[in-house]
S.K.: 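Please read through the structure below; I'll follow up with questions.
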Amino acid sequence: MNANRFVFNKVNPTPNTVRPLADFLKEQEMILDKLVRVIDSEFKALKERDMAQLNALSMQKSDLMVKLQSNDQRIKLHPDVATLKTDFADEVGRIKAKMNQCKFRNETNGRLITMCMQSVNKLQALFVGVRDSLTRNMTYSSKGTASARGPVRLSVVA
């Protein structure tokens with residue numbers, strides 16, 4: 001009956017090694033460098049109105065932001081986190097500067113997107129106005145967007 005018994009074999013556990021904090025900081029810088037390049041490419045695509053490229057860049061930016069946040073959490077939970085203010089003060093300063101650079105450039109892209117949307121809305125309103133001059137039937141939606149509904153042909157009775 002001993003053959004049917006399950007025996008637990010002792011396994012030597014692998015030592016729980018923690019990556020050095022410097023590795024996480026280098027990784028954070030590399031992610032930020034990639035993010036700067038993606039944001040710059042996004043700006044260029046916005047200026048050139050390359051909508052096909054914008055979607056891919058948006059996905060890349062989102063992935064990098066998730067990686068950045070995940071890495072930041074690992075840094076916060078690192079046993080040597082207290083050394084960030086002393087031993088790694090220069091690296092942290094560079095990382096914060098790159099973060100601010102990314103934030104500024106991303107806000108610039110956001111303003112450019114807003115301007116593009118306003119431009120499209122003005123153009124649409126212009127087209128609606130031209131169409132309305134033919135239809136004389138302009139209405140507004142609950143959001144204030146102008147639209148013209150009704151017959152496209154003029155009906156003149158002499």
S.K.: Between Asn71 (side chain) and Phe24 (backbone), is there a donor-acceptor pair under 3.5 Å?
M.R.: yes
S.K.: Do the non-hydrogen side-chain atoms of Arg49 and Met51 ever get within less than 4.5 Å of each other?
M.R.: yes
S.K.: Without swapping roles, check the side chain of Ser70 against the backbone of Val66 for a donor-acceptor pair under 3.5 Å.
M.R.: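 Here the side-chain-to-backbone pair does not exist.
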S.K.: Is there a side-chain contact between Arg74 and Glu27 in this structure, where contact means two heavy atoms from C-beta onward sitting under 4.5 Å apart?
M.R.: yes
S.K.: Determine whether Met99 and Leu68 satisfy the following criterion, side-chain contact (heavy atoms from CB on, under 4.5 Å), listing intermediate values before the conclusion.
M.R.: CA-CA 10 Å; Met99 247 335 251; Leu68 194 67; 3.6 Å; yes
S.K.: Classify the side-chain pair Ser41/Arg37 by whether it contains a donor and acceptor separated by less than 3.5 Å.
M.R.: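 No.
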S.K.: Using every non-hydrogen atom in the two residues, find where Leu64 and Ile31 come nearest and quote the distance to one decimal.
M.R.: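 The pair with the smallest heavy-atom distance is O-CG2, 3.6 Å.
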S.K.: At what distance, to the nearest 0.5 angstrom, does CG of Leu25 lie from CG of Asp87?
M.R.: 11.0 Å
S.K.: Specify the closest pair of heavy atoms between Cys102 and Ile39, including all atoms of both residues, with the distance to one decimal.
M.R.: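 What the structure gives for the nearest pair is O-CD1, 3.7 Å.
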S.K.: Output the distance between atom CZ (Arg19) and atom CD1 (Ile75), rounded to the nearest 0.5 Å.
M.R.: 9.5 Å
S.K.: With side-chain contact (heavy atoms from CB on, under 4.5 Å) as the criterion, how do Asn109 and Arg105 come out once you've worked through the C-alpha distance, each side chain's angles and the decisive distance to 0.1 Å?
M.R.: CA-CA 6 Å; Asn109 288 357; Arg105 289 180 178 184; 5.6 Å; no
S.K.: Go through the steps to decide whether Lys96 and Gln101 satisfy the test side-chain contact (heavy atoms from CB on, under 4.5 Å), and finish with yes or no.
M.R.: CA-CA 9 Å; Lys96 285 184 178 183; Gln101 180 185 18; over 6 Å; no
S.K.: Could you walk me through whether Lys76 and Asp72 satisfy the salt bridge (charged side-chain N to carboxylate O under 4.0 Å, His left out) test, starting with their C-alpha distance in whole Å, then the side-chain angles of each, then the deciding distance to 0.1 Å, before giving a yes or no?
M.R.: CA-CA 6 Å; Lys76 285 180 182 178; Asp72 188 57; 3.6 Å; yes
S.K.: Please determine whether residues Leu54 and Ile113 belong to a single hydrophobic cluster, defined as Ile, Leu, Val, Met, Phe, Trp and Tyr linked transitively by side-chain heavy-atom distances below 4.5 Å.
M.R.: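 Yes, Leu54 and Ile113 fall within the same hydrophobic cluster.
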S.K.: Within a strict 4.5 Å, meaning less than it, do heavy atoms of the Leu32 and Val36 side chains meet?
M.R.: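 No - every pair of side-chain heavy atoms lies 4.5 Å or more apart.
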S.K.: Are Leu57 and Gln60 close enough that some pair of their side-chain heavy atoms sits under 4.5 Å apart?
M.R.: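 Answer yes - side chains close enough.
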S.K.: For Lys34, I'd like to know if atom NZ has over 12 heavy atoms of other residues, nucleotides or ligands within 6.0 Å.
M.R.: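 It does not: Lys34 NZ has 12 such atoms or fewer within range.
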S.K.: If you measure from OG1 on Thr108 to CG on Asp40, what distance do you get to the nearest 0.5 Å?
M.R.: 10.0 Å
S.K.: First locate atom CG of Asn106, then atom CZ of Arg111, and finally report the distance between them rounded to the nearest 0.5 Å.
M.R.: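 Result: 10.0 Å between the selected atoms.
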S.K.: Assigning hydrophobic clusters by single linkage (Ile, Leu, Val, Met, Phe, Trp, Tyr; side-chain heavy-atom cutoff under 4.5 Å), is Val120 placed with Phe127?
M.R.: no
S.K.: Start with the C-alpha distance between Leu84 and Leu21, add both sets of side-chain angles, then the distance that settles side-chain contact (heavy atoms from CB on, under 4.5 Å), and finish with yes or no.
M.R.: CA-CA 9 Å; Leu84 287 176; Leu21 191 56; 3.6 Å; yes
S.K.: Given 3.5 Å as the limit, does a donor-acceptor pair link the side chain of Ser119 with the main chain of Met115, or not?
M.R.: no
S.K.: Transitively linked via ILVMFWY side-chain contacts under 4.5 Å: Phe88 with Val81?
M.R.: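 Phe88 clusters together with Val81.
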S.K.: Strictly distance-based, threshold 3.5 Å: is any side-chain N or O of His78 a donor or acceptor partner for the main-chain N or O of Gln73?
M.R.: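 Between the backbone of Gln73 and the side chain of His78 there is no qualifying donor-acceptor contact (under 3.5 Å).
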